[in-house]
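To start, the structure under review is shown below, and the notes come after it.
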Amino acid sequence: MILSASRRTDLPAFYSDWFLRRMEEGMVMVRDPHHPHLCRRISLAKGTVDGVVFWSKNPAPLLPALPLSLGIDCSLQFTLTPYGSPLEPGIPELNRRLDTFRLASDILRAERVIWRYDPILLTKRWTVEEHLKVFQELVQILAGYTYQCVISFLDFYPGIAQRMKAVELLPLTPETCLWLAKTFQQIAAEYGIQCRACCESSGLLPSGFPSSRCVDPDLFPKARLFHQRDRGQRPGCGCAPSVDLGAYGTCLHGCLYCYATHNFPTLEHWQRNHDPASPLLWGKPGPNDQIIPWEDRCSDQNQLRLEGW
């Protein structure tokens, strides 16, 4: 089993204590994202977890404990974009995140820290020219600390429409996407970084442009039966199956373009609903919850993927 921690929230930034406690105790519960009173009880006992993929914009809280606490293969999808406020109001300033990126690379090794420059969007502030300028600067800084950069262009989910009115988006034409992707690819290659695309199967990018596998079984040689595609993800996703431990609507970063939450939690709401000692990331099991052992469903991996797990 590969754990995804997490596509649904920034678990390393806000829930690292909870995650480490779950690993130590060898058990976690995850609410079904479509049926909130259905909880899966998942064993994290030694030998059941083949690896962990972390997703974060600020993994600094997790890094000090990482090398000693897990003892299993890990990779990190590190989203490092330069937007700042108002698009990304809740993340540390760029230089601090660059320091964190370098530290993560020293701990996990450069091949296991994947730089994500996504989503790419255009505004009056963030023009094509500005993207190219900043991307060139970041590539120079991160050379040697990563060997892969994943790009994607903004997907305009219905849930982000209202909040994105805070910025005046400019159109991203197929021609612009193609030119930017090819130029990013050329810039990155000069510094030994391969540029790959995430879920860009819409014809915006040329045939043959490398695709990423964020949950990449090649980084987890001990993983068993995970070389098929994760059918629970979007079309064009090449990821192997994983079990996501997160919960939607629990991230405090407040990024306007985020698809994973419609209503950002306030600090008070977050503190009231998160208990590091709970087996659930958000809230606690209640009398109306149905708890099903994960092992009861593991015989049908495809069905789990279709259910969004």
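Worth saying up front: this structure is predicted, and the values here are computed from it rather than measured.
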- Task: Please check if atom CD in E268 has more than 12 non-hydrogen atoms from other residues, nucleotides or ligands closer than 6.0 Å.
- Result: no
- Inspect the surroundings of NE2 in H269 and state if more than 12 heavy atoms from other residues, nucleotides or ligands are less than 6.0 Å away. yes
Looking at side-chain heavy atoms only, is the closest gap between [X] and [Y] below 4.5 Å?
X    : Y    : answer
L281 : R31  : no
F19  : P12  : no
W282 : H274 : yes
P171 : L122 : no
L180 : V128 : yes
V139 : E190 : no
C255 : K57  : yes
L80  : L142 : yes

If only atom types and distance count, is the side chain of [X] paired as donor or acceptor with the main-chain N or O of [Y] below 3.5 Å?
X    : Y    : value
S278 : D275 : no
E25  : M27  : no
R163 : C258 : yes
R97  : P92  : yes
T146 : V113 : yes
N288 : H37  : no
R40  : V30  : no
S56  : N58  : yes
D244 : R7   : yes

- Query: With a cutoff of under 4.5 Å between side-chain heavy atoms, which Ile, Leu, Val, Met, Phe, Trp and Tyr residues group with V150?
  - Reply: I114
- Who else is in the cluster with Y147 when I, L, V, M, F, W and Y are joined by side-chain contacts under 4.5 Å? none
Is the [X] ring parallel, tilted or perpendicular to the [Y] ring (thresholds 30°, 60°)?
X    : Y    : answer
Y83  : W126 : perpendicular
H253 : F14  : tilted
W270 : Y15  : tilted

- Start with the C-alpha distance between W115 and F135, add both sets of side-chain angles, then the distance that settles ring pair (Phe, Tyr, Trp, His ring centres under 6.0 Å), and finish with yes or no. CA-CA 12 Å; W115 171 28; F135 187 80; 5.2 Å; yes
- Message: Could you check whether E129 pairs with K133 (Lys NZ or Arg NE/NH1/NH2 to Asp/Glu carboxylate O, under 4.0 Å)?
- Response: no
Distance, nearest 0.5 Å, that separates [atom1] of [X] from [atom2] of [Y]:
X    : Y    : atom1 : atom2 : result
R196 : S152 : CZ    : OG    : 15.0 Å
L63  : L76  : CG    : CG    : 7.5 Å
H35  : Q290 : NE2   : CD    : 10.5 Å
L219 : S75  : CG    : OG    : 5.5 Å
R109 : C74  : CZ    : SG    : 10.5 Å
R22  : L3   : CZ    : CG    : 13.0 Å

Give me the atom names and distance for the closest heavy-atom approach of [X] to [Y].
X    : Y    : answer
S6   : G246 : OG-CA, 3.2 Å
V28  : P279 : CG2-O, 3.5 Å
V134 : P82  : CG1-CG, 3.5 Å
D289 : P36  : OD1-O, 4.1 Å
P265 : C251 : CD-O, 3.3 Å
S43  : T48  : O-OG1, 3.4 Å

- Chi angles and distances behind the side-chain contact (heavy atoms from CB on, under 4.5 Å) call for L138, L94: CA-CA 10 Å; L138 292 176; L94 183 58; 4.3 Å; yes
Which residues pass the side chain to side chain donor-acceptor pair (under 3.5 Å) test with [X], sequence neighbours left out?
X    : value
Q148 : none
T176 : T173
Q162 : K165
R96  : none

- Message: Does L87 form a side-chain contact (heavy atoms from CB on, under 4.5 Å) with T81? I'd like the steps, not just the answer.
- Response: CA-CA 10 Å; L87 284 166; T81 45; over 6 Å; no
Is there a path of hydrophobic side-chain contacts, each under 4.5 Å between heavy atoms, that joins [X] and [Y]?
X    : Y    : result
I91  : L98  : no
M29  : I292 : no
L280 : L11  : no
I291 : L44  : no

- Kindly indicate, with the supporting measurements, whether the criterion side-chain contact (heavy atoms from CB on, under 4.5 Å) is fulfilled by D118 and Y257. CA-CA 10 Å; D118 77 309; Y257 51 73; over 6 Å; no
- Query: Does a side chain donor of either T79 or W55 reach within less than 3.5 Å of an acceptor in the other side chain?
  - Reply: no
- Working for side-chain contact (heavy atoms from CB on, under 4.5 Å), residues M164 and L154: CA-CA 11 Å; M164 287 300 290; L154 178 67; 4.3 Å; yes
